Number of protein chains: 2
Amino acid sequence: MEGLCLDGNGPVWRQIRRAILGRITGDAWRPGTRIPSEIELTRHFGVSRMTTNRAIQSLALEGHLERHRRIGTIVANRAQERPAFEIWDVREIIERSGERYSYQLLEQLIIPEDDARRDLFPVRRETALLWLRCLHLSDGIPFQLEERLVNVEAAPDILDLPLDQTPPGPWLVDHVPWSQAEHMISAVPAAAKEADALDLNIGTACLVVERRTWNGATPVTLAKLWHPGSRYRLKGQFEPVR
Amino acid sequence: MEGLCLDGNGPVWRQIRRAILGRITGDAWRPGTRIPSEIELTRHFGVSRMTTNRAIQSLALEGHLERHRRIGTIVANRAQERPAFEIWDVREIIERSGERYSYQLLEQLIIPEDDARRDLFPVRRETALLWLRCLHLSDGIPFQLEERLVNVEAAPDILDLPLDQTPPGPWLVDHVPWSQAEHMISAVPAAAKEADALDLNIGTACLVVERRTWNGATPVTLAKLWHPGSRYRLKGQFEPVR
DNA sequence: GCTCACAATATGTATAGACAATTAATCGCT
DNA sequence: AGCGATTAATTGTCTATACATATTGTGAGC
């Protein structure tokens with residue numbers, strides 16, 4: 001705790017926040033490190049516990065810290081890389097909104113050698129490709145429909161994963177290396193299949209994010225994520241607004 | 001306020017949060033609407049002000065609400081579309097981290113008719129294109145280098161903008177309609193120019209986000225955003241991790 | 001009518017204290 | 001040694017209160 005101090009700049013809780021964040025981004029507190037408890041920090045800074053609490057909670061909300069009762073507060077694993085990935089972790093978005101996340105596997109198959117879907121991926125005809133459709137729900141209401149193609153050669157262990165229970169996205173991010181990602185965001189009316197899964201009327205505008213991931217020259221996975229457009233109010237964006 | 005009520009599920013502040021968020025996403029409170037003051041909500045729910053405050057603050061932090069002293073709390077403009085855009089508003093990222101945002105224009109010019117940079121944009125040779133380089137700083141330290149090409153025909157008013165004071169990104173989002181965006185994320189070593197602007201050593205890994213925006217068939221703008229890679233700890237992502 | 005001072009309002013920050021919930025460690029019993 | 005109950009540490013939530021700060025509205029004085 002030596003050297004951890006306020007800078008007299010702005011509200012106290014922000015000063016404390018900065019002090020802690022500085023330790024994290026400055027690599028003095030690496031991921032996994034346990035930081036001092038609220039009480040210790042409270043005493044150290046000479047403030048009330050609620051003030052310390054606010055600083056720490058805000059960092060925890062943003063994913064820099066993880067907190068557990070009786071255990072303490074530790075520096076999160078990927079504290080620093082978050083900004084770029086925030087949009088992709090549906091579960092986190094939902095849980096941060098205070099809603100209950102649930103998951104459902106709809107379909108799953110190994111793509112036959114002559115299937116058209118292979119054209120989306122420049123791989124040898126013999127390469128096994130896993131295709132699946134699943135649904136992410138927020139408080140039981142469909143939130144995102146995910147269609148995904150996975151190169152089994154790039155991620156062989158995925159076949160051992162209980163896909164009816166675990167969504168593939170977070171697992172892939174954690175277990176399969178990749179070097180490049182391509183994104184494409186567009187607005188598309190829902191066809192029958194999507195409308196059905198997301199419980200919308202056919203033709204409802206959806207926000208579609210397509211994400212292709214590569215490891216060097218090897219394609220890893222391709223995800224197509226459908227969101228009910230109304231959630232995002234994209235309308236103002238793709239109809240003239242002036 | 002009629003009908004706004006707790007659901008007995010989880011902590012009270014989360015219940016209040018849900019109740020408010022429900023009004024927002026359910027379109028009962030449209031963007032611009034002023035929501036009841038903390039005191040009113042406090043009385044309505046029969047809790048202490050700090051509890052209401054926590055619920056509202058968390059929504060404000062995530063951008064669903066905007067708060068101003070004496071004015072009150074209003075529903076933010078793009079409350080619903082936020083998840084998809086979070087990564088692009090540097091200023092917000094910086095200010096949410098409790099750091100001071102500042103901005104600097106480095107270069108600006110109208111691209112000559114025979115310039116190679118035109119190839120990035122499929123437009124007629126006569127179309128005026130504005131090119132610029134600017135820097136976004138966090139607490140005075142370079143945070144993001146932005147290189148941008150703007151189709152002046154799609155955004156004529158940009159020439160009136162005091163670009164040495166205002167960053168073009170937020171202005172474009174607010175004033176120019178677009179229908180599609182393409183993104184590409186990659187990791188690239190900094191060349192001399194980037195290293196110089198971002199105050200890095202040549203060869204330091206940077207996270208580069210390229211974003212092309214279209215309005216129907218008309219290209220609107222192309223942005224290339226450089227981040228010092230160390231900020232994001234991308235390393236684990238583009239070097240094999242197993 | 002204009003300007004300046006002041007009041008009113010809403011949020012921002014901070015304190016001190018209380019009890020609940022979770023989980024690791026410990027101690028005692030068999 | 002192993003099991004179970006108890007204790008302790010740590011965060012989670014909540015209350016009641018106080019003063020600070022920003023901004024609008026209002027009214028007095030000119």
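So that the names make sense, note that chain A is the first sequence line, chain B the second, and so on, each numbered from 1. This one's a predicted model, so the numbers in the text were calculated from it and none came from an experiment.
Under the side chain to side chain contact (heavy atoms under 4.5 Å, CB included) criterion, A:R54 pairs with A:W13, B:Q57, sequence neighbours left out. Every residue meeting the side-chain hydrogen bond (donor to acceptor under 3.5 Å, both in side chains) condition with A:E107, not counting sequence neighbours, appears here in chain and number order: A:R133. Scanning for side chain to side chain contact (heavy atoms under 4.5 Å, CB included) contacts around A:L6 gives A:V12, A:Q15, A:I16, A:F45, with sequence neighbours left out. Take A:Y101 and apply the ring-ring contact (aromatic ring centres under 6.0 Å, His included) test, not counting sequence neighbours, and it matches A:H136. For the salt bridge (Lys or Arg N to Asp or Glu O under 4.0 Å) test, residues two or more places apart in sequence or in another chain that qualify with B:D7 are B:R18. For A:T166, the side chain to side chain contact (heavy atoms under 4.5 Å, CB included) partners are A:P162, not counting sequence neighbours.
B:L41 has its CG atom 13 Å from the C1' atom of C:dT11, to the nearest Å. Atom CG in B:L65 sits about 16 Å away from atom P in C:dA10, given to the nearest Å. Summarising the geometry, the separation between CG on B:L61 and P on C:dG12 is reported as 10 Å, rounded to the nearest angstrom.
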Below 3.5 Å between N/O atoms, which protein atoms pair up with nucleotides 24-27 of chain C? Just atom names and distances, please.
| unit_1 | atom_1 | unit_2 | atom_2 | d |
| --- | --- | --- | --- | --- |
| C:dA24 | N3 | A:R70 | NH1 | 2.9 |

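A nucleotide of DNA chain D counts as in contact with chain B when one of its atoms lies under 4.0 Å from a heavy atom; the first and last such, 5' to 3', are D:dT13 to D:dG25.
Positionally, the nearest nucleotide of DNA chain D for A:R34 lies more toward the 5' end than for the other of A:R34 and B:H68.
Using a distance-only test at 3.5 Å, with no hydrogens or angles considered, no donor-acceptor pair links the side chain of B:H44 to the main chain of B:I39. At distances below 3.5 Å, at least one donor-acceptor pair connects side-chain atoms of B:T221 with backbone N or O atoms of B:L149.
Shortest non-hydrogen contact noted between A:L145 and A:L198 is N-CD2, 3.8 Å.
For residues 35-45 of chain B, every residue pair satisfying the salt bridge (Lys or Arg N to Asp or Glu O under 4.0 Å) rule, not counting sequence neighbours, is listed here: B:E38-B:R49, B:E38-B:R67.
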Legend entry - Base versus backbone protein contacts along nucleotides 13-19 of chain C [heavy-atom cut-off under 4.0 Å; B, S, -]: BBBBBB-

